[in-house]
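Every chain is numbered from 1, with letters handed out A, B, ... down the list of sequences. As the structure is a prediction and not an experimental result, all values here were calculated from the model.
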There are 2 protein chains.
Amino acid sequence: MKVTALEEYGLRCMILLAKSNHSMTLPEISAREGLSLPYAGKLLMILKQAGLVKAVRGRRGGYVLSKPPHEISLTEIFAALGEPVFGPTHCERYSGDGDCCVHTEDCTVRDVWGAFNEFVSGYLDRVNLAELANGRKELKISSVEKPEEHKSITPENNILNS
Amino acid sequence: MKVTALEEYGLRCMILLAKSNHSMTLPEISAREGLSLPYAGKLLMILKQAGLVKAVRGRRGGYVLSKPPHEISLTEIFAALGEPVFGPTHCERYSGDGDCCVHTEDCTVRDVWGAFNEFVSGYLDRVNLAELANGRKELKISSVEKPEEHKSITPENNILNS
DNA sequence: CAAAATCATTACAAAAATGTAAAGAATAAT
DNA sequence: ATTATTCTTTACATTTTTGTAATGATTTTG
């Protein structure tokens with residue numbers, strides 16, 4: 001399970017734009033994120049084609065978010081930058097030697113990924129860009145430093161045990 | 001966010017071994033999973049080095065799980081096959097142009113991935129190989145077909161809102 | 001012991017993801 | 001209009017992941 005480069009850097013650019021009050025040019029963005037100018041350009045182009053940012057050419061131009069940050073979920077951002085953990089192409093992609101996977105039906109692995117994907121999606125749906133841009137302290141404290149206080153998943157409400 | 005080939009096929013091999021009562025040879029495993037023999041060999045070697053399976057050479061040889069399936073969590077399996085979503089190498093890996101990331105401290109992105117990783121880990125910790133091998137019907141029904149019944153994440157217990 | 005079966009290791013080939021380069025097109029300021 | 005600024009597009013180079021090939025080592029069986 002791996003976060004792709006596009007997802008990492010794309011998310012950073014979105015957060016950067018969310019924190020900024022004016023529009024930002026590619027040179028600004030690339031400098032602020034430590035990315036090369038062409039790579040920043042490629043990233044922003046992907047975000048633009050997904051409808052997440054708007055671009056204005058020429059002097060005084062640059063990029064701005066196309067919606068207010070609180071209306072943009074992590075789901076939207078990741079959908080623009082890559083495929084979900086378990087998407088429609090999964091079974092075709094991991095078909096082994098043949099054209100189609102040997103587990104044609106009653107596939108245990110597919111069930112695992114499907115359930116996992118739903119679990120993850122539920123999380124991403126509920127986080128928006130405004131929350132990230134504001135740098136919530138609770139995020140770090142409650143989740144990284146005190147894992148034992150996680151109420152999100154318990155044996156009782158774990159969907160795998162329901 | 002992407003499931004790697006090693007994770008996909010490695011998990012399948014583990015499930016296959018969990019379902020089998022006798023030891024399985026590489027030719028058997030590769031045939032059952034639609035993988036080439038050398039690739040199956042590479043996979044099982046990785047699993048062996050992680051201590052998840054044991055190998056016996058020569059006639060009557062093959063692979064068996066090194067522990068009963070209910071004692072093997074998804075966390076262990078994925079740890080053997082790849083890195084976590086957000087691991088110790090993350091900030092170094094995605095450092096952009098420089099040697100270290102421009103977000104040296106108070107990094108919003110790091111907080112996001114850290115929280116997300118904890119969330120995911122909590123899930124994987126609670127699923128074991130025996131559950132997967134038994135092919136739980138509830139897995140599919142409750143998670144894929146009735147997403148609205150997910151109690152796992154609600155605005156009240158979402159750690160991002162705590 | 002010899003032969004067949006089986007796992008182990010190393011090096012290499014192919015494909016995909018990642019990142020760079022260079023030239024093009026649009027806009028606003030002067 | 002011209003120029004500087006800025007986004008856009010296409011093609012290519014590099015690196016990582018994925019998968020293959022070939023050879024070596026170990027064990028059981030007869």
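- In this entry the distance linking CD of B:Gln49 with P of C:dC7 reads 15 Å, nearest Å.
- Using a 4.0 Å cut-off on heavy atoms, none of the residues of residues 13-32 of chain B approach DNA chain D.
- Applying the salt bridge (Lys or Arg N to Asp or Glu O under 4.0 Å) definition to pairs two or more places apart or across chains, none involves residues 86-97 of chain B.
- For residues 29-42 of chain B, the set of pairs meeting the salt bridge (Lys or Arg N to Asp or Glu O under 4.0 Å) definition, not counting sequence neighbours, is empty.
- Among residues at least two apart or in separate chains, salt bridge (Lys or Arg N to Asp or Glu O under 4.0 Å) pairs with a member in residues 5-29 of chain B are B:Glu8-B:Arg12.
- Under the ring pair (Phe, Tyr, Trp, His ring centres under 6.0 Å) criterion, B:Phe78 pairs with A:Trp113, sequence neighbours left out.
- Among residues at least two apart or in separate chains, there is no side-chain hydrogen bond (donor to acceptor under 3.5 Å, both in side chains) pair with a member in residues 47-58 of chain A.
- Under the rule for a side chain to side chain contact (heavy atoms under 4.5 Å, CB included), B:Ala31 has no partner lying at least two apart in sequence or in another chain.
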Restricting both atoms to N or O, compile the protein contacts to nucleotides 17-23 of chain C shorter than 3.5 Å, with distance only.
unit_1, atom_1, unit_2, atom_2, d
C:dA17, OP1, A:Arg93, NH2, 3.1
C:dT18, OP1, A:Ala5, N, 3.2
C:dG19, OP2, A:Tyr39, OH, 2.8
C:dG19, N7, A:Lys42, NZ, 2.9
C:dG19, O6, A:Lys42, NZ, 3.2
C:dT20, OP2, A:Ser36, OG, 2.8

Can you check nucleotides 27-30 of chain C for protein contacts, nitrogen or oxygen pairs under 3.5 Å, and list what you find?
unit_1, atom_1, unit_2, atom_2, d
C:dA29, OP1, A:Arg60, NH1, 3.1
C:dA29, O4', A:Arg59, NH1, 3.2

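- At its two ends the helix from C:dC1-D:dG30 to C:dT30-D:dA1 runs along axes set 10° apart, each axis drawn from five pairs and the angle rounded to 10°.
- Screening residues 74-89 of chain B for side-chain hydrogen bond (donor to acceptor under 3.5 Å, both in side chains), with sequence neighbours left out, gives B:Lys67-B:Glu76, B:Thr75-B:Asp125, B:Glu83-B:Thr89.
- Sorted by first and then second residue, the ring-ring contact (aromatic ring centres under 6.0 Å, His included) pairs with a member in residues 19-39 of chain A read A:Tyr9-A:Tyr39; sequence neighbours excluded.
- Ring-centre distance between B:Tyr123 and A:Phe116: below the 6.0 Å cut-off.
- A:Ser66 places a side-chain N or O within donor-acceptor distance of the main-chain N or O of A:Gly51, the cut-off being under 3.5 Å.
- A:Gly41 comes within contact range of no nucleotide atom at all, as no heavy-atom separation falls under 4.0 Å.
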